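Below is one structure; the comments refer to it alone.
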Amino acid sequence: MSNALAQETSPYLRQHAENPVDWLPWGPAALERAQAQDKPLLVSIGYSACHWCHVMERESFEDPRTAQLMNECFVCVKVDREERPDVDAIYMEAVQGMTGQGGWPLNVFLTPEQLPFYGGTYFPPEPRHGMPAWTQVLQAIAESWDVNREQIRAGGERLRERLSGAARLSPATEPVQEHALEQSVATLAEGFDARHGGFGTAPKFPQTPVLEFLLLGEGRPMALSTLHAMAGGGIHDQLGGGFSRYSVDAAWTVPHFEKMLYDNALLARAYLHGWQASEDARLLVVCKGIIDWAMREMRGPEGGFYSALDADSEGVEGRFYVWTIGELTELLGEDAAAAIAWLGVTEQGNFEDPHHPQPGLNVLTDRGIAGGLVPDLQTQTRIREALLLARAKRVRPALDDKRLTSWNALMVCALAEAGAALGGEGGNRYLQAAVACAEFLQRDMRDARGRLLRTYNDGRAKLDGYLEDHAFLLEALIALFEATCEERWFHQATALADEMIERFADTEQGGFYATASDSEALIVRRKDLDDSPIPSGSSSAAMGLLRLAQLTGEERYESHALGAIALVSEIAPRHPGAFGHMLQAMHWQLAPARPIACAVPVRR
């Protein structure tokens, strides 16, 4: 028998619709039930492509006895973090503050007043590696609530103030200086992995906003080295194009296999800009491979783009993507030796799933093995086509087919910029896709009042748009205007900027809130400032408004952009890994004025 999640449009929520847990989506019904029954809320947050979310579901949420305990003691709520980044951000910060760790699945216990008092990430069904069993956690929390609920409420109230920390930041009084950006590059260089590219050790994320900042100046060699290293690693799908979310090792070899639209949209732009900065044609090949993958596998019939491909298939992480020497030998015949050497395949393999161990599995790379020669392009093409044909017969990873405004806006940017840079038939194809996606967002992602919405699936859009939806779309519309010189995109950009300022701007301290003034009120109203793994709504708003100010000459756009910059202008250069997009906005602010190619009327 299905629970209330069966009526949802989120694929992640629907994955849990057949659980024996009496899940409710986040909303009035769940909150009112908790108040009426004076029960804690058990809020479990994840996303459809999350491997450990699947593991915990199989181990615990599908178990009838565990579900019975959850249902008896708690009001159980499932949240898709991609649909509700506001809920996720609040409770992720709370759990990180309590435990020093974060991640998904995120499981957090709240008072009926929505105040967090305990949480964690993955919990096993039995005690393991120092972690308590999930049922032990449930029983301990239930007993504590029965005995100490008023003390728990008091502790939650004290935590509320800490969760609004970024919203209390005061703006800096001094303007951004060039030396601050130079110091950012020097700080990033201290953590740069000169051998493998990227920053720090395993696990490694692409950190695309940081790479884009480095491409602007003295740090360009670090960015280009990282782009090449990632392109040759297993994090890059050597057959079908596109990138996985991160690498579990320092050398970008073994990925966590989920493919996210936002990563690929951002990486397509980074590889495009890397090619423009270096004229290295290999980077352009990667850029086009990402875009072609997205248009082939992630595009909906209305022109929008789906959200993600799962890490798992047939219940096993990476099964769709890995190979043995025996498989390659059987499939490729006389090309097998060349493929084995080129794609870094060995008898012992480079990948092992601890849940489903099998020897000799290989993630394909484009680095070769000792003594291996890279085959000519004709042979490479023949190998790729044969392996793609064989892979197509495997069970595909699940698709999260919801469309998110902000992630689609990132894809519009990538398509528009690539189309403008390439020109010709290929460039026009990308531009047409950018236009179709932008038209979808402006047509179908609006409510009856014309307000921007967050998510779309099954023919309907819902949930109020967040700052990032408005800001990313603002940047996308400007990019599309610059690529096409069609005035409609310029006018839509100014209208959107005006709406964003009216509903999200902080008129006292400057900058922007993550949620609109007329959106659902949560326990705090946050300002999300860091650019990891994607640009924050705040930095994107600053960049978009600076660009729009240059196009229009309107001082108020620049004023609001500078207000957002001032909130982090002292913090960002000291912690550049977390503020890559904002550092780009600072660079834009300090750079000489850029010529405007399209003649447009200036609004007075």
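Bear in mind the structure is a predicted one, so any value in this text is a computation, not a measurement.
Of the N and O atoms on the side chains of Ser532 and Asp530, not one donor lies less than 3.5 Å from an acceptor on the other residue. For the residue pair Trp134/Asn107, the side-chain donor-acceptor check at 3.5 Å is not satisfied. In this structure, a donor-acceptor pair under 3.5 Å is present between the side chains of His256 and Glu258. Looking at Asp401 and Asn457, their side chains do bring a donor and an acceptor atom within 3.5 Å of each other. A donor-acceptor contact closer than 3.5 angstrom is absent between the side chains of Arg33 and Gln37. Side chains of Asp528 and Ser536: a donor-acceptor N/O pair is absent below 3.5 angstrom, by distance only. In summary, the side chains of Glu520 and Trp26 do present a donor paired with an acceptor at a separation below 3.5 Å, with no hydrogens or angles considered. For Ser10 and Asp80, the side-chain atoms include at least one donor-acceptor pair closer than 3.5 Å. A donor-acceptor pair shorter than 3.5 Å cannot be found between the side chains of His51 and Asp310. Tyr262 and Glu82 form no side-chain donor-acceptor contact under 3.5 Å, judged by distance and modelled atom types alone. Side chains of Tyr466 and Asp86: a donor on one and an acceptor on the other come within 3.5 Å. Side chains of Glu18 and Ser2: a donor on one and an acceptor on the other come within 3.5 Å.
Interatomic distance, CD1 of Ile534 versus OG1 of Thr208, reported as 10.5 Å (0.5 Å rounding). Atom CE in Met56 sits 8.5 Å away from atom OG1 in Thr121 (nearest 0.5 Å). Taken to the nearest 0.5 Å, the CG atom of Leu163 stands 13.0 Å off from the CE atom of Met92. Here the straight-line distance linking atom NZ of Lys259 with atom CD1 of Ile235 works out to 11.5 Å at 0.5 Å rounding. Of the inter-residue distances, the one linking Tyr456 atom OH with Ser307 atom OG reads 13.0 Å to the nearest 0.5 angstrom. Rounding to the nearest 0.5 Å gives a distance of 6.0 Å between CG of Leu452 and CG of Asp469.
Looking at residues two or more places apart in sequence or on another chain, you find a salt bridge (charged side-chain N to carboxylate O under 4.0 Å, His left out) between Arg403 and Glu302. In this structure Arg451 satisfies the salt bridge (charged side-chain N to carboxylate O under 4.0 Å, His left out) test together with Asp518, sequence neighbours excluded.
Between Val345 and Leu364 there is a side-chain heavy-atom pair separated by less than 4.5 Å. The shortest distance between side-chain heavy atoms of Leu267 and Met230 falls below 4.5 Å. Within the 4.5 Å cutoff, no side-chain heavy atoms of Pro255 are placed close to those of Ser247. Side-chain contact between Pro40 and Val75 is absent, with no heavy atoms from C-beta onward closer than 4.5 Å. Annotation: side chain of Phe512 is not in contact with side chain of Arg503 (no heavy-atom distance under 4.5 Å). In this structure the side chain of Leu496 reaches within 4.5 angstrom of the side chain of Leu477, judged on heavy atoms. Two residues are said to be in side-chain contact when any heavy atoms from C-beta on lie closer than 4.5 Å; Pro206 and Phe243 fail this criterion. Counting only heavy atoms from C-beta outward, the side chains of Val79 and Asp88 never approach each other to under 4.5 Å.
Relative ring orientation between Tyr47 and Trp104 is described as perpendicular, the plane-to-plane angle rising above 60° on a 0-90° scale split at 30° and 60°.
By the 4.0 Å N-to-carboxylate-O rule, Arg65 lies too far from Asp63 to be salt-bridged with it. A salt bridge links Asp38 with Arg149; the closest basic N to acidic carboxylate O contact falls under 4.0 Å. Between Arg454 and Glu83, no side-chain nitrogen of the basic residue sits less than 4.0 Å from a carboxylate oxygen of the acidic one, so the salt-bridge criterion is not met. Salt bridge present: Glu93 and Arg526 bring a charged side-chain N and a carboxylate O closer than 4.0 Å. For Arg449 and Glu499, the salt-bridge test fails: no basic side-chain N is under 4.0 Å from an acidic carboxylate O.
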(message) Let's go through Leu261 and Asn408 carefully: what are the C-alpha distance in whole Å and the side-chain angles of both, what is the deciding distance for side-chain contact (heavy atoms from CB on, under 4.5 Å) to 0.1 Å, and is it a yes or a no?
(response) CA-CA 8 Å; Leu261 180 67; Asn408 271 262; 4.2 Å; yes
(request) Would you sort out whether His54 and Gln15 count as a side-chain contact (heavy atoms from CB on, under 4.5 Å), showing the intermediate values? (result) CA-CA 9 Å; His54 299 329; Gln15 284 172 4; 3.5 Å; yes
(request) Evaluate side-chain hydrogen bond (donor to acceptor under 3.5 Å, both in side chains) for Tyr122 paired with Glu59, printing each intermediate quantity in order. (result) CA-CA 11 Å; Tyr122 165 79; Glu59 293 176 341; 2.6 Å; yes
(request) For the pair Trp23 and Ser44, evaluate side-chain contact (heavy atoms from CB on, under 4.5 Å) and give the outcome as yes or no after the intermediate values. (result) CA-CA 9 Å; Trp23 293 117; Ser44 183; 3.8 Å; yes
(message) Could you go through Phe504 and Lys527, starting from their C-alpha distance and side-chain angles, then the distance that decides it, and tell me whether this counts as side-chain contact (heavy atoms from CB on, under 4.5 Å)?
(response) CA-CA 10 Å; Phe504 293 88; Lys527 290 179 180 176; over 6 Å; no
(request) Show your working on side-chain hydrogen bond (donor to acceptor under 3.5 Å, both in side chains) between Glu62 and His16 and close with a plain yes or no. (result) CA-CA 9 Å; Glu62 292 179 352; His16 294 267; over 6 Å; no
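Judged by distance alone, the side chain of Thr99 and the main-chain N or O of Val95 form a donor-acceptor pair under 3.5 Å. In this structure, the side chain of Arg160 engages the main chain of Ile523 through a donor-acceptor pair within 3.5 Å. A donor-acceptor contact shorter than 3.5 Å is absent between the side chain of Gln139 and the backbone of Leu69. Between the side chain of Glu317 and the main chain of Asp312, no donor-acceptor pair closer than 3.5 Å is present. Side-chain N or O atoms of His236 include one that pairs as donor or acceptor with a backbone N or O of Ala231 at under 3.5 Å.
Applying the salt bridge (Lys or Arg N to Asp or Glu O under 4.0 Å) test to every pair with at least one member in residues 386-400, sequence neighbours left out, gives these pairs: Asp237-Arg391, Glu297-Arg396, Glu327-Arg394, Asp400-Lys402. Evaluation of the salt bridge (Lys or Arg N to Asp or Glu O under 4.0 Å) test over residues 4-16, restricted to residues two or more places apart or in two chains, returns Glu8-Lys462, Arg14-Asp458. Listed by first then second residue, pairs satisfying salt bridge (Lys or Arg N to Asp or Glu O under 4.0 Å) with a partner in residues 98-111 number zero, not counting sequence neighbours. Sorted by first then second residue, the salt bridge (Lys or Arg N to Asp or Glu O under 4.0 Å) pairs that include residues 66-78, not counting sequence neighbours, number zero.
Aromatic pair Tyr246/Phe257: centroids not less than 6.0 angstrom apart. Between Phe472 and Trp407, a ring centre-to-centre spacing not shorter than 6.0 Å is recorded.
Around atom CD of Gln7, no more than 12 heavy atoms belonging to other residues, nucleotides or ligands sit under 6.0 Å away.
Considering all non-hydrogen atoms of both residues, Gly119 and Met98 come closest at N-SD, 3.8 Å.
In this structure, Lys39 is not positioned above the aromatic face of Phe74 in the sense of NZ or CZ being under 6.0 Å from the six-membered ring centre and within 45° of the axis.
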